[in-house]
Amino acid sequence: MRPPQVCLTAALLLSLLLSGCAEDGIVTRSPAPVGTGVGQSQPVSTPSTDLAAQKKVAGIADCPTSDPSVPALVNGLPDITLPCLGGGPSVRLAGLRGQPMIISVWAQWCPPCRQEAPYLSEIAARRPAGVRILGIDFVDPRPDLAIEFARLSGWKYPQLQDLDKSLSGSLQVSAPPQTILVDADGKVVYRHAGPLSSAAELRGLAKQHLEVDL
């Protein structure tokens, strides 16, 4: 007959093998499989780690091509290059020329950005001719949630990332949201700090400062 201590040790080892071990020595149990039959819970989908695929599903357009050689303007967009959210070519802001532009600086963690999201979506859905709309996700550590936010907001226009607060010095962007209006020559003509109150407000600003109809 085996001593009680040996049996206790064997039982403990068997229990650990059946339950599984997490990092740091913490014992965890494997999650029970989720049923798919009638009356049972459906499987819970996990967020995709493939940002390019997530961006494609969201229908976000590719980032625009920027001129690498055109001189930066003193009163224009800063001569910085930002990555494209979800993958794609990086964009040199100072090299964006040729048409009026509305830049929306936002972040998925920003409550006021959620407030103004429907107004931007309304304007963008009309696809105003001759006007470029560009988003910049500002200091956001979760690009997957940013893409999901854009998808839920119905934003199909291109999105960049400013992970290092590059806009804080050159454009005095301390926090989102901010709306920046740029003319066809690349000159910054207006900056609106804080959330937009309506789509009509953005139309009025574009008409006044860019002379375009949204």
Side-chain angles (χ1 to χ4, degrees), residues 51 55 60-117 119-121 123-124 131-150 153 155 157-197 201-202 204-212 214:
L51 297 180
K55 175 180 176 178
I60 300 174
D62 293 333
C63 290
T65 301
S66 55
D67 192 327
S69 59
V70 64
L73 299 177
V74 174
N75 54 357
L77 291 174
D79 197 2
I80 59 175
T81 300
L82 297 178
C84 190
L85 178 64
S90 297
V91 175
R92 177 182 178 240
L93 293 185
L96 293 173
R97 305 283 176 88
Q99 61 186 135
M101 182 164 48
I102 298 171
I103 297 179
S104 171
V105 182
W106 63 282
Q108 55 83 18
W109 46 261
C110 158
C113 299
R114 298 176 182 273
Q115 174 186 327
E116 72 169 13
Y119 313 138
L120 292 165
S121 179
I123 295 296
V131 179
R132 172 181 287 146
I133 302 178
L134 181 66
I136 300 180
D137 186 25
F138 187 72
V139 196
D140 196 336
R142 292 291 304 272
D144 56 328
L145 295 183
I147 295 174
E148 179 68 2
F149 177 84
S153 299
W155 296 345
Y157 49 87
Q159 301 287 342
L160 303 178
Q161 284 181 288
D162 182 2
L163 299 173
D164 304 317
K165 294 186 178 181
S166 300
L167 300 178
S168 60
S170 53
L171 286 179
Q172 301 174 0
V173 176
S174 58
Q178 290 206 23
T179 303
I180 302 167
L181 305 184
V182 184
D183 68 13
D185 296 326
K187 176 183 176 183
V188 175
V189 295
Y190 185 77
R191 285 178 289 191
H192 177 81
L196 298 164
S197 61
E201 180 183 21
L202 182 53
L205 293 173
K207 183 66 175 179
Q208 178 182 355
H209 300 283
L210 295 176
E211 299 181 353
V212 296
L214 298 180

S.K.: Can you tell if the side chain of Trp109 reaches within under 4.5 Å of the side chain of Pro176, non-hydrogen atoms only?
M.R.: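 Counting from C-beta outward, Trp109 and Pro176 do come under 4.5 Å.
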
S.K.: Kindly indicate, with the supporting measurements, whether the criterion side-chain contact (heavy atoms from CB on, under 4.5 Å) is fulfilled by Gln178 and Gln172.
M.R.: CA-CA 10 Å; Gln178 290 206 23; Gln172 301 174 0; over 6 Å; no

S.K.: Mind checking ring pair (Phe, Tyr, Trp, His ring centres under 6.0 Å) for Phe138 and listing every partner two or more places apart, or none if nothing turns up?
M.R.: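 Listed in chain order: nothing, the list is empty.
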
S.K.: Do Trp106 and Glu116 pair up side chain to side chain, a donor and an acceptor below 3.5 Å, judged on atom types alone?
M.R.: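 On atom types as modelled, these side chains do not qualify, holding no pair under 3.5 Å.
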
S.K.: Quick one: does Lys165's side chain have a donor or acceptor within less than 3.5 Å of a partner on Val139's backbone?
M.R.: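 Not a single qualifying donor-acceptor pair exists.
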
S.K.: Between Leu85 and Leu160, is there a side-chain heavy-atom distance shorter than 4.5 Å?
M.R.: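 They are not in contact (no side-chain heavy atoms under 4.5 Å apart), so the answer is no.
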
S.K.: Going by heavy atoms in the side chains, are Pro100 and Val212 under 4.5 Å from each other?
M.R.: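 The answer is yes, as the side chains (C-beta and beyond) meet within the 4.5 Å cut-off.
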
S.K.: With no hydrogens and no angle check, do the side chains of Asp140 and Gln108 hold a donor and an acceptor under 3.5 Å apart?
M.R.: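 There is such a pair between these side chains.
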
S.K.: Are the side chains of Ile102 and Ile180 in contact, using a 4.5 Å heavy-atom criterion?
M.R.: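 A side-chain contact is absent here, since even the closest heavy-atom pair is not under 4.5 Å.
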
S.K.: Could you check whether any side-chain heavy atom of Asp137 comes within less than 4.5 Å of a side-chain heavy atom of Pro143, counting everything from C-beta outward?
M.R.: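 The answer is no; the side chains never approach within 4.5 Å.
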
S.K.: Using a 4.5 Å cut-off on heavy atoms from C-beta on, say whether the side chain of Val182 contacts that of Leu96.
M.R.: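 No - every pair of side-chain heavy atoms lies 4.5 Å or more apart.
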
S.K.: Looking at every heavy atom in both Arg97 and Leu73, which two are closest together, and how far apart are they?
M.R.: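 What the structure gives for the nearest pair is NH2-CG, 3.6 Å.
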
S.K.: Show your working on side-chain contact (heavy atoms from CB on, under 4.5 Å) between Thr179 and Tyr190 and close with a plain yes or no.
M.R.: CA-CA 8 Å; Thr179 303; Tyr190 185 77; over 6 Å; no

S.K.: Within the side chain of Glu211, is there an N or O that forms a donor-acceptor pair under 3.5 Å with the backbone of Lys207?
M.R.: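 Absent.
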
S.K.: Do any N or O atoms from the side chain of Asp162 and from the backbone of Leu167 form a donor-acceptor pair under 3.5 angstrom?
M.R.: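 It does hold such a pair.
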
S.K.: Using distance alone, with no hydrogens and no angle criterion, decide if Ser166 and Asp164 have a side-chain donor and acceptor under 3.5 Å apart.
M.R.: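 The answer is no; no qualifying pair exists.
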
S.K.: Could you tell me if the side chain of Pro158 sits less than 4.5 Å from the side chain of Cys84, heavy atoms only?
M.R.: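 No. Closest side-chain heavy atoms not under 4.5 Å.
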
S.K.: So that I can tick it off, tell me whether Asp144 and Arg142 are bridged by a salt bridge, with the cut-off set at under 4.0 angstrom between side-chain N and carboxylate O.
M.R.: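 Looking at Asp144 together with Arg142, the answer is yes, because their closest N to O distance falls below 4.0 Å.
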
S.K.: Carefully, step by step, assess Leu77 and Ile103 under the rule side-chain contact (heavy atoms from CB on, under 4.5 Å).
M.R.: CA-CA 11 Å; Leu77 291 174; Ile103 297 179; 3.9 Å; yes

S.K.: With side chains defined as the heavy atoms from C-beta onward, is the minimum distance between Val91 and Thr81 less than 4.5 Å?
M.R.: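 SC-SC contact between Val91 and Thr81 ruled out.
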
S.K.: Before accepting this row, confirm whether a basic side-chain N of the pair Asp79/Arg92 lies closer than 4.0 Å to the acidic partner's carboxylate O.
M.R.: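 Result for this pair is yes, salt bridge flagged.
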
